[in-house]
Amino acid sequence: MVNEIFEQTAEKMDKSIEALKRDFATLRTGKVTTGIVDNIKVDYYGTMTALNQVGSVIATDATTISITPWEKNLLGDIERAIQEANIGVNPNNDGDFIKLFFPPMTSEQRQEIVKQAKAMVETAKIAIRNIRKEGNDQIKKLEKEKEISEDESKRAHDQIQKITDDHIAKVEEAFKAKEADILKV
């Protein structure tokens, strides 16, 4: 029973780290990635659809993203969705595809993106701490119902704290790597 709680806790914390890494993908680093447009939704016949579901999205070089819609009549909708997403560039529509030209980042922009990454890290840490609390509450419940002894409960709380510390360290590692990537010119 206690081992199941450990497994569930670690699994949920792993998912928090995966979510953080997905969030990190939306941040701009020295070279552009298609992850920047991952959260943009286009009105596709009345349904809000992810941009990469209505066309081909590729990073053609370090500062350019090219979007080729599968249906030419979507060019205007894609252009409008990009403008509304406010990602820091204006779309260039040439009638066949849309290009996004990202200027080189200034040091102020890099610092601002590092701040956004820190906010994402804090959110992930809060999620991990909430998962720890959930696990500890389950352990307390088992102790209260006399399914485990007080000593087993203490060991279980220590183990959950150890799992939490490991995951917080992974979050910090991920942040350090992302920060280095953002600040690299």
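Within the structure, salt bridge (Lys or Arg N to Asp or Glu O under 4.0 Å) pairs that include any residue of residues 142-161 comprise K154-D158 (at least two apart or interchain).
Here the closest heavy-atom approach between residue K41 and residue A50 is recorded as CD-N, 3.9 Å. Shown here for I139 and H157, the closest heavy-atom pair between the two residues is CG2-NE2, 3.7 Å.
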### Message
Assess the residue pair M48 and D43 against the criterion (side-chain contact (heavy atoms from CB on, under 4.5 Å)); give the C-alpha distance rounded to whole Å, side-chain angles, the decisive distance to 0.1 Å, and a yes or no.
### Response
CA-CA 5 Å; M48 295 312 281; D43 184 4; 4.0 Å; yes

### Task
Tell me, with the steps shown, if V171 and I17 meet side-chain contact (heavy atoms from CB on, under 4.5 Å).
CA-CA 6 Å; V171 166; I17 292 172; 3.8 Å; yes

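The local environment of CE in M1 is sparse, with at most 12 non-hydrogen atoms from other residues, nucleotides or ligands closer than 6.0 Å. Counting heavy atoms of neighbouring residues, nucleotides and ligands inside a 6.0 Å radius, atom NZ of K72 exceeds 12 of them.
Counting only heavy atoms from C-beta outward, the side chains of T68 and S66 approach each other to under 4.5 Å. Contact check for Q8 versus Q138: side-chain heavy atoms found under the 4.5 Å cut-off. Side-chain contact between T9 and F6 is absent, with no heavy-atom pair separated by less than 4.5 Å. The closest side-chain heavy-atom distance from N52 to T34 is not below 4.5 Å.
Rounding to the nearest 0.5 Å places CD of E79 at 8.5 Å from CG of N92. A distance of 9.0 Å separates CZ of R110 from CD1 of I182, quoted to the nearest 0.5 Å. Taking CE of M105 as the reference point, atom OG1 of T63 lies at 12.5 Å (rounded to 0.5 Å). In this structure, N130 CG and M13 CE are separated by 9.5 Å, a value rounded to the nearest 0.5 Å. Separating the CG atom in L20 from the CD1 atom in I128 is a distance of 8.0 Å, to the nearest 0.5 Å.
Using a 4.5 Å cut-off between side-chain heavy atoms of Ile, Leu, Val, Met, Phe, Trp and Tyr, I82 falls into a hydrophobic cluster with V32, I36, V37, I40, V42, Y44, Y45, L51, V54, V57, I65, I67, L74, L75, I78, I87, V89, I98, L100, F102.
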Run the side-chain donor-acceptor check on residues 159-168: report pairs under 3.5 Å with partners two or more places apart or on a different chain.
unit_1 : atom_1 : unit_2 : atom_2 : d
Q161   : OE1    : R132   : NH1    : 3.2
Q161   : NE2    : D165   : OD1    : 2.8
T164   : OG1    : I160   : O      : 2.8
H167   : ND1    : I163   : O      : 2.8
H167   : NE2    : D14    : OD1    : 2.6

Exercise answer: donor-acceptor pairs, residues 111-127 side-chain atoms, under 3.5 Å, sequence neighbours excluded:
unit_1 : atom_1 : unit_2 : atom_2 : d
T123   : OG1    : A119   : O      : 3.0
K125   : NZ     : E172   : OE2    : 2.3

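Checked against side chain to side chain contact (heavy atoms under 4.5 Å, CB included), T106 has the following partners two or more places apart in sequence or in another chain: E108, Q109. The salt bridge (charged side-chain N to carboxylate O under 4.0 Å, His left out) check on R80 picks up D77, with sequence neighbours excluded.
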